[in-house]
Amino acid sequence: MTPIQSVLPAITPVLPEIVLSVGALLLVLYGAWRGERSSEGVNVGALILLIFTFFLVVSQTGNVTTLNGAFIADPFARVMKSLILIGSAATILLSRDYFQRERIDRFEYPILIVLCTIGMMVMASANDLISLYLGLELQSLAAYVIAAFHRDDVKSTEAGLKYFVLGALSSGMLLYGASLVYGFTGTVSFPGIVTALNGPTSFGIVLGIVFVAAGVAFKLAAVPFHMWTPDVYEGSPTPVTAFFGSAPKVAAMAMTVRVFIGAFPDVTAVWQQIIVFVSIASMALGSFAAIGQRNIKRLMAYSSIGNVGYALIGLAAGSEEGVRGVIVYMVIYLAMTLGAFAVLLSLRRKDTMFETIDDLSGLSRTHPWLAFCLAAMMFSLAGIPPLAGFFAKFYVFAAAIQAGLVTLAVVGVVTSVVGAFYYLRLVKVMYFDEAKAPYERIAPGSAIVLGVSSAVVVLFFLVPAPLVAAAGDAARALF
């Protein structure tokens, strides 16, 4: 056997991440060589790179671990990586027109998105605490930079600084929890932790799980570690906000499921209480705090907090059906978020962007298709059938009831009713308020994202089986 043949089995599962890493380095070299003139080429190159990597991911098969067990390529990782790549590619499509108009179109931005994507993919495939942390930090460091990408804007700079300071705090908490888990189990490997926890659960392990949960809750923007979300969402450039609300949320949820189901399946009673509390608190705050918001980006921030709470209902069930519900929820949430931000990015007259609810007044009369698509997103987020958002909530609520968490499901239904108020208020403003001057034509990239997102949200009920079956296969790989 040649050296290349002996290395190939170890490299193949990590091939998508390697391709993205090499591609990012090549894009850096091209950008440095061509300077500011390279922006168009780097954007196209990054988009092609993400699409190519997506096909690499979906072409993989089996359940393989590599890198001495630190990295796993299984159906769950493939589904979540596919969503991450779709979210990142959609973000680049949404960003181009905005950055050109704001005169901040620099080649570093798509490269940072690619680097962020590499970190998120590692998070989805992490099979020990070290690889999990490495992926998390690669994603976070790139995210801090793009939050403050508009250097001449005070709000953007403030958003990046807040995100960095609080992110560093959460990383410290996660590391402290990981060190406690390592100290009391003698291993950082998830399968090794499972083996070590066969006996009685010590207080040190419980404390470690609490700190790990705190670290991942920050990345999810779940209560009580949500405090950065509204300010970072509002202050960041709008395409960056769309990115934060999509792909990193999927990666954070993948990481959370991987940690608790992969490393702590035998101590479900310990972490289930934490997840139930975080879920209820996130749903409640997301529903009530958004009612007074007038800025759409801040409203979407609180909406994302609430949606994380709904997704965590599936994880709290601790079952295969619950994880399947989480995956279906994240697919539909990704479509709804990207679609909503595609509409928000089209609210422009010349050099002015509009971001408040009142700016949607009479949109149905000036831009009927935009209003229809945004109304579909809002009805779906509210969980109204037959739109996709209804099925997303149905699967997680059903899993919770099956697991005996009836109270949690009831709280989810009640907070959904409360949340429907501020979603439907946007529809009321678009269809019943006095019309304002029309906005400019939607950019091609935003039109593509909006079209695909609207199709998923509106037509999901016609063919739900392929997605549900794929989510079921992915969930089965963890049990």
Side-chain angles (χ1 to χ4, degrees), residues 217 220-224 226 229 245 249 253 256-257 268 272-293 299-337 340 375-428 456-458 460-461 464 467-468 471 475:
L220 283 169
V223 177
H226 66 284
T229 315
K249 281 285 189 295
M253 189 59 68
T256 307
V257 171
T268 302
Q272 188 181 57
Q273 302 171 55
I274 301 171
I275 299 300
V276 168
F277 167 76
V278 169
S279 175
I280 292 174
S282 298
M283 290 186 294
L285 184 126
S287 296
F288 286 99
I291 291 174
Q293 300 301 320
L299 186 147
M300 291 301 294
Y302 285 108
S303 171
S304 74
I305 293 169
N307 277 286
V308 162
Y310 295 122
L312 286 174
I313 291 177
L315 176 59
S319 62
E320 183 181 316
E321 291 75 18
V323 174
R324 183 189 64 178
V326 171
I327 297 169
V328 172
Y329 198 100
M330 295 315 294
V331 173
I332 295 170
Y333 169 75
L334 182 71
M336 295 186 296
T337 301
M377 300 302 160
M378 293 302 109
F379 280 124
S380 184
L381 283 164
I384 295 174
L387 299 174
F390 167 77
F391 295 95
K393 291 181 179 177
F394 171 79
Y395 282 112
V396 292
F397 291 164
I401 292 170
Q402 192 173 350
L405 301 174
V406 178
T407 304
L408 181 60
V410 170
V411 171
V413 173
V414 172
T415 53
S416 291
V417 175
V418 175
F421 169 78
Y422 59 82
Y423 293 128
L424 300 184
R425 181 174 61 185
L426 267 69
V427 179
K428 175 260 179 188
V456 172
V457 168
V458 175
F460 173 80
F461 75 98
L467 172 59
V468 175

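Keep in mind it's a predicted model, so treat the numbers as computed, not measured.
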Mind checking what makes side-chain hydrogen bond (donor to acceptor under 3.5 Å, both in side chains) contact with [X], not counting sequence neighbours?
X	result
Q272	none
T229	none
Y302	none
Y395	none

So, taking the atom named [atom1] in [X] and the one named [atom2] in [Y], what distance separates them when rounded to the nearest 0.5 Å?
X	Y	atom1	atom2	value
F421	L426	CZ	CG	10.5 Å
L381	L299	CG	CG	9.5 Å
M300	M336	CE	CE	8.5 Å
I384	Y423	CD1	OH	11.0 Å
L220	N307	CG	CG	12.0 Å
L387	M377	CG	CE	9.5 Å

Whether over 12 other heavy atoms sit under 6.0 Å from F288 CZ: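 Not buried by this count: 12 neighbours or fewer within 6.0 Å.
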Apply side-chain contact (heavy atoms from CB on, under 4.5 Å) to [X] and list each qualifying residue two or more places apart in sequence or on a separate chain.
X	value
V223	H226, A281, S282, L285, I305
V456	A335
V410	V406, V414

[X] versus [Y], closest heavy-atom pair with distance:
X	Y	answer
I313	A400	CG2-CB, 3.5 Å
S287	M283	OG-O, 2.8 Å
R425	I291	NH1-O, 2.9 Å
A311	M330	CB-SD, 4.1 Å
S279	L408	OG-CD1, 3.8 Å
G389	I332	N-CG2, 3.9 Å

Once salt bridge (charged side-chain N to carboxylate O under 4.0 Å, His left out) is applied, what residue pairs with a partner in residues 378-396 remain, sequence neighbours excluded?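 Non-adjacent pairs meeting salt bridge (charged side-chain N to carboxylate O under 4.0 Å, His left out): zero.
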Which salt bridge (charged side-chain N to carboxylate O under 4.0 Å, His left out) pairs, counting each pair once, include a residue from residues 395-404, with sequence neighbours left out? none
Could you tell me which residues satisfy ring-ring contact (aromatic ring centres under 6.0 Å, His included) with F460, sequence neighbours excluded, listed by chain and number?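 For F460, the residues satisfying ring-ring contact (aromatic ring centres under 6.0 Å, His included) (neighbours in sequence not counted) are F391.
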Report yes or no: does Y333 contribute a side-chain atom to a donor-acceptor pair with the main-chain N or O of S304 at less than 3.5 Å? no
Derivation of the side chain to side chain contact (heavy atoms under 4.5 Å, CB included) call for I327 and M253: CA-CA 9 Å; I327 297 169; M253 189 59 68; over 6 Å; no
Please report, to 0.1 Å, the donor-acceptor pairs under 3.5 Å made by any side chain of residues 319-326, with sequence neighbours excluded.
unit_1 : atom_1 : unit_2 : atom_2 : d
S319   : OG     : G322   : N      : 3.1
E320   : OE2    : R476   : NE     : 3.3

Would you sort out whether F379 and L424 count as a side chain to side chain contact (heavy atoms under 4.5 Å, CB included), showing the intermediate values? CA-CA 7 Å; F379 280 124; L424 300 184; 3.2 Å; yes
Name all pairs fulfilling the side chain to side chain donor-acceptor pair (under 3.5 Å) condition that reach into residues 308-318, sequence neighbours left out, sorted by first residue then second.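 The answer is Y310-T415, Y310-S416.
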